[in-house]
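What follows is a single structure, written as structure tokens, with notes after it.
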Amino acid sequence: HIYVNPAPGEAILRHPDEILKVLRDAGVDGAPVIDGPVLIQVEDGSSVKAVKGIDPVLERTVTGIAENGRFQGRFAIEEGEALIGSIMARELGLNIGDDLLIHAPQRLTGNITWEENGNLRIKEPDEIYVPEEVRIVGLFTMGVYEYDAGMVFLHIDQAADLFGYDWGEATSIHGRVPDPFRMDELLWDLREKLQPLTVRSWQEVNELLFGALRVEKTLMVFLLTFIVVVASFGIAGTLITVAVQKTREIGIMKAIGMGRFLVARIFLLVGGIIGLIGTSFGVTLGLLVIHYRNGIASILSRAMGVDVFPPELYHLTQIPAKPMPADLALIVIMSLIICELASLIPALYACAMSPARALQEEN
């Protein structure tokens, strides 16, 4: 929920323990992290991935990787051990107990420097370069493609050795707050106490993603509104047809003393019943589709031969969904209102119908 990064112009947090104490005093559970890009080698193949060095004890207080029900193996890693994502394990053919090599770019490029005149200078290495060899002791599934396919968790001390940092340092600290939706005051307090460090919330870190989701949601509301409006024209057309077909019956009811507003209410009632039945059926069907969304997507993918929800594009391995009672209530109310408005046209037509002319109709 909270990310504490070094001050602008710096790359490392020198005293993360002091920062963790400030976070604990503010009611935030924190954990230090060392992360960076690496080259993963499995047999003769290699691929670029990311390493995140963690303290397993503190990490459990911040993230729920080991408690989400999809974790396999042992989370309490030590030096020489690693956790990898389930997608990465499947792509590289790895499993618990297998070994892999990790090459750090800092070590690979440490002997090459730029001189002031712009020329390259290659220094003779004073020691033999040896990559880090780790054994996989756990597989995690977070449901986020970038993590499950590209993240390797190491012990923070081994990550410090890998990237050339001193033990006890960190590249960032992430924290967990009691209420992630009400943390503005907490953010201002932490920014005041941790100056000149950079403190950002999860909303700020994912600002681009949330902006895209807001635009998508707005467009979906407009699209679904027009779909309901088009459906309402079908209701209006049906009721107008009924009013035309029942012209003589309407004339008889008015002739025997039924008021025009009572006749109009009949059509409004019919429109309301149609809207209620349709809305109930639609909401039920929609909730079922949401509940079985991933199974339906899998069936459609096999039937069409293409992935309808590619994780590389959406960065998620499953379709996320969380029905909100407020949104559901708004949809139901708006649908019923539109249906009633659709039935208002035939109701006014029946209301304005003359009994004498209606009785003369042949249909």
Side-chain angles (χ1 to χ4, degrees), residues 1-7 10-38 49-85 96 102 104 132 134-144 146-148 150-180 183 186-187 189-191 193-194 197-206:
H1 303 145
I2 285 182
Y3 299 85
V4 180
N5 297 315
E10 298 184 5
I12 199 72
L13 296 174
R14 303 292 179 184
H15 305 287
D17 291 339
E18 298 177 2
I19 302 173
L20 290 173
K21 184 178 183 303
V22 175
L23 293 178
R24 283 194 295 269
D25 293 341
V28 179
D29 296 323
V33 170
I34 293 179
D35 54 7
V38 295
K49 304 295 181 181
V51 154
K52 179 170 286 190
I54 61 172
D55 183 331
V57 177
L58 296 177
E59 191 70 17
R60 280 183 176 270
T61 65
V62 177
T63 59
I65 301 175
E67 285 81 26
N68 65 1
R70 294 178 287 180
F71 183 83
Q72 303 176 35
R74 174 166 52 85
F75 183 78
I77 55 175
E78 301 175 355
E79 291 191 54
E81 298 176 340
L83 308 174
I84 66 173
I96 295 177
I102 300 179
E132 296 283 340
V134 295
R135 174 158 295 178
I136 301 171
V137 297
L139 303 177
F140 61 85
T141 302
M142 299 180 65
V144 180
E146 293 178 350
Y147 279 85
D148 294 345
M151 183 65 67
V152 178
F153 286 94
L154 300 179
H155 193 279
I156 191 170
D157 293 338
Q158 186 171 12
D161 291 336
L162 182 67
F163 294 113
Y165 300 131
D166 295 331
W167 283 17
E169 296 180 336
T171 56
S172 65
I173 293 176
H174 56 183
R176 183 188 187 101
V177 302
D179 190 352
M183 49 187 296
L186 176 63
L187 276 175
D189 183 54
L190 290 177
R191 285 168 178 164
K193 294 179 180 179
L194 295 177
L197 302 179
T198 303
V199 181
R200 296 193 298 168
S201 68
W202 61 280
Q203 296 102 324
E204 294 168 338
V205 171
N206 300 284

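Note: hydrogens, waters and symmetry copies are ignored here, and every other heavy atom, side chains too, is used. Keep in mind the model is a prediction, meaning the values are calculated, not measured. All residue numbers refer to positions in the sequence shown, counting from 1.
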task: Assess whether side chain to side chain contact (heavy atoms under 4.5 Å, CB included) is satisfied between M151 and K49, documenting all intermediate values.
output: CA-CA 6 Å; M151 183 65 67; K49 304 295 181 181; over 6 Å; no
field: Distance (rounded to the nearest 0.5 Å) between D35 CG and F153 CZ
entry: 10.0 Å
query: More than 12 heavy atoms of other residues, nucleotides or ligands under 6.0 Å from OH of Y165: is that the case?
result: yes
- prompt: K52 versus Y147: any side-chain heavy-atom pair under 4.5 Å?
  reply: yes
- request: Flag the pair D25 and K21 as a salt bridge only when some basic side-chain nitrogen lies within less than 4.0 angstrom of an acidic carboxylate oxygen.
  value: yes
statement: Heavy-atom nearest pair, S172 first then N5, reads CB-OD1, 3.2 Å
query: When rounded to the nearest 0.5 angstrom, what is the spacing between CG in D17 and CZ in R24?
result: 7.5 Å
field: For P180 against Q203, the heavy-atom pair lying closest together
entry: O-NE2, 3.5 Å
- prompt: Would you say H174 and E59 make side-chain contact, with heavy atoms under 4.5 Å?
  reply: yes
Rounded distance [0.5 Å steps], CG in L162 versus NE2 in H155: 14.0 Å
field: For L187 against R200, the heavy-atom pair lying closest together
entry: CD2-C, 4.4 Å
query: Is any side-chain heavy atom of I19 less than 4.5 Å from a side-chain heavy atom of L197?
result: yes
- prompt: Is the closest side-chain heavy-atom distance between I156 and W167 below 4.5 Å?
  reply: no
query: Would you say the side chain of L58 lies within less than 4.5 Å of the side chain of L20, judging by non-hydrogen atoms?
result: yes
- request: Test L23 against I173 for side chain to side chain contact (heavy atoms under 4.5 Å, CB included), laying out the working first.
  value: CA-CA 10 Å; L23 293 178; I173 293 176; 3.7 Å; yes
field: Exam field: side chain Q158 to backbone G80, donor-acceptor pair closer than 3.5 Å
entry: yes
Heavy-atom side-chain proximity of I84 to L139 below 4.5 angstrom: yes
task: Without swapping roles, check the side chain of D148 against the backbone of M142 for a donor-acceptor pair under 3.5 Å.
output: yes
message: Using the rule given for side chain to side chain contact (heavy atoms under 4.5 Å, CB included), can you reason through I54 versus I77, listing the C-alpha separation, both sets of side-chain angles and the distance that settles it, and then say yes or no?
response: CA-CA 9 Å; I54 61 172; I77 55 175; 4.2 Å; yes
- request: Enter the distance from E132:CD to F163:CZ here, rounded to the nearest 0.5 Å.
  value: 10.0 Å
- prompt: E204 versus Y3: any side-chain heavy-atom pair under 4.5 Å?
  reply: no
- line: All heavy atoms of I65 vs all of F140, minimum pair found to be CG2-CB, 3.5 Å
field: Counterpart residues, salt bridge (Lys or Arg N to Asp or Glu O under 4.0 Å), relative to E78 (two or more places apart)
entry: none
query: Mind checking whether F71 and F75 have parallel, tilted or perpendicular rings, split at 30° and 60°?
result: perpendicular
statement: Correct closest heavy-atom pair for E81 and L154 would be O-CD2, 3.6 Å
field: Sub-4.5 Å side-chain heavy-atom contact between I2 and L186
entry: yes
task: Give a yes or no answer on whether the side chain of T171 reaches the backbone of A11 with a donor-acceptor pair at less than 3.5 Å.
output: no
query: What distance separates L194 CG from E18 CD, expressed to the nearest 0.5 Å?
result: 10.5 Å
field: Those residues that, when tested against D189, pass side chain to side chain contact (heavy atoms under 4.5 Å, CB included) (two or more places apart)
entry: K193
- request: Provide the closest heavy-atom pair for G30 versus V62 in the form atom of the first, atom of the second, distance.
  value: C-CG2, 3.7 Å
